[in-house]
Amino acid sequence: MSSSIIKVLINSITERRFRNLAYLPRWIIFLIDVLIVLFANIITYFIIYNLTKYFYHNLNLPVRYALIIFVNAVFFMFYRTYSGIIRHSTFIDAVKLLISTTTSFVTLLVLNYAWNFFVGDKLYLTTGLFISYVISFLMLFLFRILVKQIFEKYINSRGNIKRINTVIYGADANAISVANALQTEVPARFNLKGFIDKYHQNRTSKRILNLPIVNQNKKIHVIMRAMKAEALIIAEKGLTKEETVAIVEECLDYNLKVYTVPLITDWEDQQQISKKVKNFEINDLLERKPIVLHMNSISAQLRGKTVLITGAAGSIGSEITRQVLSFKPNRVIMLDQAETPLHQLSLEVSTIAKSAEISSVLCDIRNSEVLERIFKAYQPEVVYHAAAYKHVPLMEGNPSQAVYTNILGTKNLADLSVKYGVGRFVMVSTDKAVNPSNVMGASKRIAEKYVQSLQATIQDLEGAPNTKFITTRFGNVLGSNGSIVPLFTKQIEEGGPLTITHPEIIRYFMTIPEACQLVLEAGTMGNGGEIFIFDMGEPVKIIDLAKKMIRLAGFTPDKEIEIKIIGLRPGEKLYEELLNDTSKTLPTHNEQIMIAQDSIENYTQLNTAIKELTENAKILSSEEIVARMKKIVPEFKSMNSVFEHLDG
């Protein structure tokens, strides 16, 4: 074994032992405190001895000082002064020591005068008791300060730990608590330089925790440069989302790290404090108006009902499940073909489903016979259809699977919903169904056409079940399975590069909870046959999203983390639309939801075309399948695909 390895092992063992000093058993701390009191009394003895030769000799010397130590020990135990962790000693610990030693002094003083009253002489010099009291408290207090400082300096110097020069934004109670917690942590991750407070208008200098408070009278990055800080922790909880986003954007523009921290009252424990200081996530910076739901309408639709959710184990389906459960349905049927994710969801919702019965059903929506048994057994009253194949390149290479799942699966569910009298059928669609440039988008558009035409047909039939078919259409969902954000996050964790298909590509984004909230809202307001489109906010350039995520992670784009352009994938286009060229929109009572007015196909002709497509997909080539899809959806124009020649 080389000398360098031996040295590393010795340092590691030494460091572990030193760290463990902060967690000594309480009885050892208690014993150290008692020894300190003994030492303080020895010092007192020599002070008094040099001042005067007069002593009280009612008790011998060991007994007298044993009595002092005993009284102090009793109050150490009573006030539990030994119970705190040394390296986290605070003002409260100092107060406990002061109260304990003061109580001991008063008790000994009372005992001294009581002995004088009943016996006629004193046990101690009153001056000696006071000197012993002062020295004991100072030594007990200094012991904790000394250990804390040595520990902090030793651990922070081990392993060349680099502390981040940091400023805290805010000076309210939460910000001060965060600063105090970070200052007492060992080893320290942050080196606090001060506070920035937009409410601090006083020109005179003020300090908290010996740190300056700076008025936000200049740009934040200017203040931080002046304070030689490289990171900002936003601890001010009075900021609006717009103010927070503006601060984060400014910090990112000037390559400054920016962090957020939960409210102190939400902390489950006080250990590992710096781990609670997190990087902002891209979801936090999505500039959107807050969604206001009509809770009474949604509750009226779902309370006491039997709800079937397809694709329940997926990112959208699972969130719909969670939100539906909050409206107290009678039963929720979670249907998916993915065994493990469905099992995990079952375990999760079992803890939050207080009144609803939960049924987890393994089923492929392409299998109409199994689906019918489910409809017959459970008699669902509301269906949320989120099951779909959605990965563009995969469907471009496997068009038959898009036909079976996205088209035939939807048709099976829709037909059974009519047959078994489902009240509402809400289909989750995509903006890729608008002027589709790929197989996936075209398959979803055919599914949209089918449920619309079916709605129009059953409305004209007397005695037909009054099933309302509602389609919801939105863009990319942040954090959903297969979306760009988890991919970028994984690539950043691996050190890059981040792969982007084209520098000019743009997309609409919303979060999973937002999307699902709007799905529930749209599902209650539809009268049947509508396609609801959601306000997706402003489109985002993917390259800008990538750069922002890199900066949020604390790195510099194209320096520490590379951004690599790999070219458009099959079927991918530079931008997505929410409406086709001939569509118009109608407003709803929710300004974030609009109704797209699309032409409705003839049900008989469309049903025939879909039957021919789905029944022959097994024997047709990929080109023949896509060619038939293009006949059903004339606006389907392939882009960056092997099927482009079919549009010639």
Side-chain angles (χ1 to χ4, degrees), residues 310-311 314 316-317 337 364-368 371 385-415 425-454 469 471-477 480-482 531 569-573 576-578 580 596 598 601 603 605-644 646-647:
T310 72
I316 298 296
Q337 66 170 338
D364 189 332
I365 60 173
R366 299 178 293 187
N367 192 325
S368 60
L371 268 182
H385 175 36
Y389 281 147
K390 59 186 179 181
H391 294 284
V392 171
L394 277 176
M395 294 304 99
E396 206 69 12
N398 302 275
S400 62
Q401 298 307 306
V403 168
Y404 289 136
T405 298
N406 295 355
I407 301 175
L408 179 60
T410 300
K411 184 179 185 303
N412 289 339
L413 287 162
D415 292 345
F425 181 100
V426 183
M427 185 177 84
V428 175
S429 189
T430 170
D431 58 356
K432 292 177 177 63
V434 182
N435 296 325
S437 65
N438 51 67
V439 170
M440 193 282 282
S443 66
K444 294 295 286 185
R445 179 60 187 137
I446 294 172
E448 288 182 357
K449 284 174 174 281
Y450 183 76
V451 297
Q452 277 190 299
S453 64
L454 180 60
F469 288 95
T471 300
T472 59
R473 185 191 286 167
F474 50 87
N476 296 273
V477 179
S480 64
N481 296 331
I531 295 179
R569 299 176 300 173
E572 191 172 38
K573 53 185 175 180
E576 307 289 357
E577 306 144 282
L578 292 174
N580 65 37
D598 274 317
E601 301 283 325
Y603 173 76
Q605 294 176 357
L606 180 62
N607 188 42
T608 300
I610 290 175
K611 275 189 174 182
E612 291 178 356
L613 175 62
T614 56
E615 289 174 358
N616 294 303
K618 293 179 181 179
I619 60 174
L620 294 174
S621 68
S622 293
E623 284 197 359
E624 290 172 322
I625 291 173
V626 174
R628 293 196 181 197
M629 294 176 73
K630 289 178 181 290
K631 288 182 180 180
I632 300 174
V633 185
E635 68 269 22
F636 173 21
K637 305 296 180 185
S638 297
M639 295 181 65
N640 192 39
S641 171
V642 295
F643 304 121
E644 287 184 46
L646 297 175
D647 300 319

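Because only heavy atoms are used, hydrogens play no part in the values below, and waters and symmetry mates are left out as well, while side chains stay in. Quantities reported herein were computed from a predicted structural model and do not represent experimental measurements.
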Please name the pair of heavy atoms, one in [X] and one in [Y], separated by the smallest distance, quoted to 0.1 Å.
X	Y	result
Met440	Tyr389	CG-O, 3.4 Å
Arg473	Ile531	NH2-CD1, 3.5 Å
Ile365	Ala387	CD1-CB, 3.9 Å
Ala617	Ile625	O-CD1, 3.7 Å
Pro436	Ala433	CD-O, 3.4 Å
Pro570	Val392	O-CG1, 3.4 Å

Examine distances only and state if a side-chain atom of [X] and a backbone atom of [Y] form a donor-acceptor pair shorter than 3.5 Å.
X	Y	answer
Thr472	Met427	yes
Glu612	Ala609	no
Lys444	Val428	yes
Thr614	Lys611	yes
Glu396	Val439	yes
Asn438	Gly441	yes
Thr310	Ala386	yes
Asn398	Leu394	yes

Nearest 0.5 Å please: distance from the [atom1] atom of [X] over to the [atom2] atom of [Y].
X	Y	atom1	atom2	answer
Phe474	Thr430	CZ	OG1	8.0 Å
Gln401	Thr405	CD	OG1	6.0 Å
Ile407	Ser400	CD1	OG	11.0 Å
Lys390	Met395	NZ	CE	11.5 Å
Arg445	Ile632	CZ	CD1	12.0 Å
Asn640	Arg569	CG	CZ	10.0 Å

Non-hydrogen side-chain atoms of [X] and [Y] separated by less than 4.5 Å:
X	Y	result
Met629	Ser443	yes
Phe425	His385	yes
Glu624	Asn616	no
Leu408	Leu613	no
Asp647	Ser638	yes
Leu646	Phe636	no

**Report entry** Donor on one side chain, acceptor on other, Asp364 and Tyr404, under 3.5 Å
**Finding:**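 Side chains of Asp364 and Tyr404: no pair found under 3.5 Å.
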Requested in this report: Decide whether Thr471 and Glu448 meet the rule of one side-chain donor and one side-chain acceptor closer than 3.5 Å.
Outcome: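 Per modelled atom types, Thr471 and Glu448 side chains form no pair under 3.5 Å.
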Requested in this report: Would you mind telling me which of Thr410, Val633, Asn406 makes a side-chain contact (heavy atoms from CB on, under 4.5 Å) with Ile446?
Outcome: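 Of the listed options, the one satisfying the test is Val633.
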**Report entry** Glu623 and Phe643: CA distance, side-chain angles, deciding distance, side-chain contact (heavy atoms from CB on, under 4.5 Å) verdict
**Finding:** CA-CA 7 Å; Glu623 284 197 359; Phe643 304 121; 4.1 Å; yes
